[in-house]
A.B. asks: 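Please read through the structure below; I'll follow up with questions.
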Amino acid sequence: MNGTLQYTEATGRTGLGFKVVNNIWQVYLVVHKNETLKQLRNYFIKQDCFEAVLLDGGGSSGIQLKNSAGTMVKNAQTRYIYNMVKLINIT
């Protein structure tokens, strides 16, 4: 394997799936602890996503959002995450 994961290997997986319902975009952030790429792909297909992006493994996944008071909230993180995807609601 030379240090790379195979398509059929189950491990932490993270992905973003996209679909449009009644002209409203929906984005699914999915984190699985132990899935293959095929299983993650099949999840997005079942959700009727027209596009999906595989991100880093589950261990690198985190989420941060604003609560109703406008304060940023995030889950406990034990290490720094260098990349992010920012979703902005423009409606």
Side-chain angles (χ1 to χ4, degrees):
M1 282 191 1
N2 296 329
T4 60
L5 293 172
Q6 293 184 357
Y7 178 74
T8 58
E9 186 174 348
T11 188
R13 305 282 185 182
T14 305
L16 285 174
F18 303 91
K19 75 183 209 179
V20 179
V21 176
N22 298 325
N23 292 326
I24 298 173
W25 279 69
Q26 295 181 354
V27 180
Y28 291 75
L29 170 63
V30 178
V31 180
H32 285 285
K33 284 186 176 184
N34 195 35
E35 296 285 331
T36 65
L37 288 174
K38 186 175 181 179
Q39 289 169 318
L40 185 58
R41 179 201 67 188
N42 289 341
Y43 175 81
F44 287 124
I45 290 170
K46 285 182 181 179
Q47 301 307 314
D48 294 324
C49 294
F50 67 87
E51 191 73 61
V53 178
L54 175 66
L55 302 171
D56 200 358
S60 295
S61 298
I63 189 167
Q64 186 173 0
L65 56 101
K66 285 186 180 179
N67 63 18
S68 60
T71 305
M72 293 303 290
V73 180
K74 66 177 181 174
N75 63 341
Q77 200 68 28
T78 58
R79 62 183 186 178
Y80 185 77
I81 304 298
Y82 294 95
N83 299 303
M84 71 171 213
V85 175
K86 185 175 183 177
L87 303 175
I88 302 172
N89 183 353
I90 58 172
T91 58

A.B. asks: For Q39, give me all partners under side-chain hydrogen bond (donor to acceptor under 3.5 Å, both in side chains), at least two apart in sequence or on another chain.
C.D. replies: T36
A.B. asks: Give me the atom names and distance for the closest heavy-atom approach of T14 to L54.
C.D. replies: O-CD1, 3.4 Å
A.B. asks: Of all residues at least two apart in sequence or in a different chain, which pass the side-chain contact (heavy atoms from CB on, under 4.5 Å) check with D48?
C.D. replies: K19
A.B. asks: Among residues at least two apart in sequence or on other chains, which ones pass ring-ring contact (aromatic ring centres under 6.0 Å, His included) with F44?
C.D. replies: none
A.B. asks: Measure the CG-OG1 distance between L37 and T8 for me, rounded to the nearest 0.5 Å.
C.D. replies: 9.0 Å
A.B. asks: Take the angle between the ring planes of F18 and W25 and call it parallel below 30°, perpendicular above 60°, tilted in between.
C.D. replies: perpendicular
A.B. asks: Any non-hydrogen side-chain atom of F50 less than 4.5 Å from a side-chain atom of V20?
C.D. replies: yes
A.B. asks: Same cluster or not: I45 versus L40, using hydrophobic residues (I, L, V, M, F, W, Y) connected whenever any side-chain heavy atoms lie under 4.5 Å apart?
C.D. replies: no
A.B. asks: Using modelled atom types only, decide if a donor and an acceptor are shared between the side chain of R13 and the backbone of E35 within a distance under 3.5 Å.
C.D. replies: yes
